[in-house]
Amino acid sequence: MNDTLINLEATLFCGQTFAWTKEGNRYEAVLGGRHVIFEEQDFYALVTEDAMLSHYFDMEWEYDEAERVLSARDPHLAARIKQYRSIHILNQDPWEVLVSFLLSQNNNIKRIRSMYRSLSEAYGTEVAPGVFAFPRPSQLESVTEAEFRALGMGFRAPYLVSTIAQSELLESLNTLDYVSAKEQLIGIRGVGEKVASCILLFGYHHMEAFPLDTWMQKVMKKYYPTKDKTFFAPYAALAQQYLFHGERLGGRL
DNA sequence: GGCCAGGCCCCAG
DNA sequence: CTGGGGCATGGC
């Protein structure tokens, strides 16, 4: 792990998590009820001695090899990888990912982050002055649809209510394969193909996932009109993250 | 001040 | 099974 590289800025703000803030070179979030705050230059020392964070930041996966394989396969992707290396896929709490991406539909990343914070401040545990954890299912089980609407959740409010009632389903997904787990998730109201893919990728590290949102559909049409996710196998998810992030921030190279 | 956003549900053909 | 309208809200 000593020379494992990570692009913290891109990893934490490429749309896979909505939990982090950055001021100057200081990163801050609440992970597993724990207030995590560090300066960029202290990151590698921190993850070396902290197993929970090392796992969260996915410091042991084969990013070097994956970046090499993907770069060799396609010049556009190679340019994106060079531009943003090394984005990691975080190991997040499936519950937070499920709710975050429920909120994501017909929405923008800025406002998803704001809604994530609203839920935390309204129902989560305060772990430090003014710093709130994302609420656990038990903290939301008696919240009504009207209360979620009053908090600005809009048409997603009923999805939140029914999802909270089904949250225990997440426990059973660890042992399922990708296809079976996705079937289970799509059974939840408000969870479709795309959101289920995101949950399985960001919450369960299924690196064969390939979420196709509006940005990725543009990318596929523009650069890969005759291809699909199999072109990027077995690293489809990582390719997707670079292509998505690059398209959002950089536009055409 | 319209337009649009990491979609999904629902209903018509 | 495929296509397209509707949906709450706020950032731009």
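Below, read A as the first sequence line, B as the second, and so on, with proteins coming before strands; counting in each chain starts at 1. Every heavy atom of this structure was used, including side-chain atoms; hydrogens, water molecules and symmetry mates were not.
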**OP:** Report the distance from atom CD of A/Q217 to atom P of B/dC4, rounded to the nearest whole Å.
**Re:** 16 Å
**OP:** Record whether the side chain of A/Q241 comes under 3.5 Å of the base of B/dG6 through a donor-acceptor pair of N or O atoms.
**Re:** yes
**OP:** Starting from P on B/dC8, measure out to CG on A/L212 and report it in whole angstrom.
**Re:** 11 Å
Subject >> Candidate pair A/F18 and A/F101, rule ring-ring contact (aromatic ring centres under 6.0 Å, His included), full reasoning >> reply: CA-CA 10 Å; A/F18 309 97; A/F101 283 89; 5.6 Å; yes
Subject >> Whole-Å distance separating the CD1 atom of A/I199 from the P atom of B/dG7 >> reply: 14 Å
Look for any protein N or O under 3.5 Å of an N or O in nucleotides 8-12 of chain C and output each such pair with its distance, or none.
from   : atom 1 : to     : atom 2 : distance (Å)
C/dA8  : O5'    : A/R149 : NH1    : 3.4
C/dA8  : O4'    : A/F155 : N      : 3.1
C/dA8  : N6     : A/N106 : ND2    : 2.4
C/dA8  : N1     : A/N106 : O      : 3.3
C/dA8  : N1     : A/R156 : NH2    : 3.3
C/dT9  : O2     : A/R111 : NE     : 3.3
C/dT9  : O2     : A/R111 : NH2    : 2.7
C/dC12 : OP1    : A/K110 : NZ     : 3.3

Original post:
For the pair made of CE in A/M216 and P in B/dA5, what is the distance, rounded to whole Å?
Top reply: 16 Å
Original post:
With no hydrogens and no angle check, do the side chains of A/Q241 and A/Y84 hold a donor and an acceptor under 3.5 Å apart?
Top reply: no
Original post:
Aromatic rings A/F244 and A/W215: how do their planes relate, parallel, tilted or perpendicular, breaks at 30° and 60°?
Top reply: perpendicular
Original post:
Checking all strands, does A/Q240 fall into the base, sugar-phosphate, or nothing category for heavy-atom contacts under 4.0 angstrom?
Top reply: base
**OP:** Rounded to whole angstrom, note down the C1' distance from B/dG2 over to C/dA8.
**Re:** 16 Å
Subject >> Short side-chain to backbone donor-acceptor contact, A/E171 and A/E168, under 3.5 Å >> reply: no
Subject >> Residue list, ring pair (Phe, Tyr, Trp, His ring centres under 6.0 Å) with A/F148, at least two apart or on another chain >> reply: none
Subject >> Euclidean distance, atom CD of residue A/E145 to atom P of C/dC7 [Å, nearest integer] >> reply: 15 Å
Subject >> Donor-acceptor contact present, side-chain A/Y242 to main-chain A/I87, <3.5 Å >> reply: yes
Original post:
Contact class for A/F148 (heavy atom, under 4.0 Å): base, sugar-phosphate, or nothing?
Top reply: nothing
Original post:
So, for A/Q139 and A/F134, which heavy atoms are closest and what is the spacing to 0.1 Å?
Top reply: OE1-O, 4.4 Å
Original post:
Would you find a donor on one side and an acceptor on the other, under 3.5 Å apart, between the side chain of A/R80 and the backbone of A/L243?
Top reply: no
Original post:
What integer distance in Å separates A/K182:NZ from B/dC8:P?
Top reply: 10 Å
Subject >> Rounded C1' spacing from B/dC4 to C/dG6 in Å >> reply: 15 Å
Enumerate the protein-to-nucleotides 9-12 of chain B contacts in which both atoms are nitrogen or oxygen and the separation is below 3.5 Å.
from   : atom 1 : to     : atom 2 : distance (Å)
B/dC9  : OP1    : A/G190 : N      : 3.0
B/dC9  : O3'    : A/R189 : NH2    : 3.2
B/dC10 : OP1    : A/R189 : NH1    : 3.1
B/dC10 : OP1    : A/R189 : NH2    : 2.9

Subject >> Closest non-hydrogen atom pair, A/L77 against A/D74 >> reply: N-OD2, 2.8 Å
Original post:
What's the CG-P distance between A/L103 and B/dG7, to the nearest Å?
Top reply: 12 Å
Original post:
Expressed in angstrom and rounded to an integer, what is the separation of A/K218 atom NZ from B/dC4 atom P?
Top reply: 10 Å
Original post:
Under the salt bridge (Lys or Arg N to Asp or Glu O under 4.0 Å) rule, what pairs show up with a residue in residues 127-140 of chain A, not counting sequence neighbours?
Top reply: A/D93-A/R136
Original post:
Would you write out the dot-bracket form of DNA chain B, 5' to 3', with Watson-Crick and G-U pairs under 3.5 Å, [ ] for crossing pairs, | for pairs to other strands and . for unpaired bases?
Top reply: .||||.|||||||
Subject >> C/dG5 versus B/dC3 - spacing of their P atoms, nearest Å >> reply: 15 Å
Subject >> Contact list for residues 22-34 of chain A, test side-chain hydrogen bond (donor to acceptor under 3.5 Å, both in side chains), sequence neighbours left out >> reply: A/E9-A/K22, A/K22-A/Y27, A/N25-A/Q41, A/Y27-A/E40, A/E28-A/H35, A/R34-A/D50
Subject >> Mutual orientation of the aromatic rings belonging to A/Y204 and A/H206 [parallel < 30°, tilted 30-60°, perpendicular > 60°] >> reply: tilted
Original post:
Does B/dG6 have A/W215 stacked on its base, where the ring centres are within less than 5.5 Å and the planes differ by under 30°?
Top reply: no
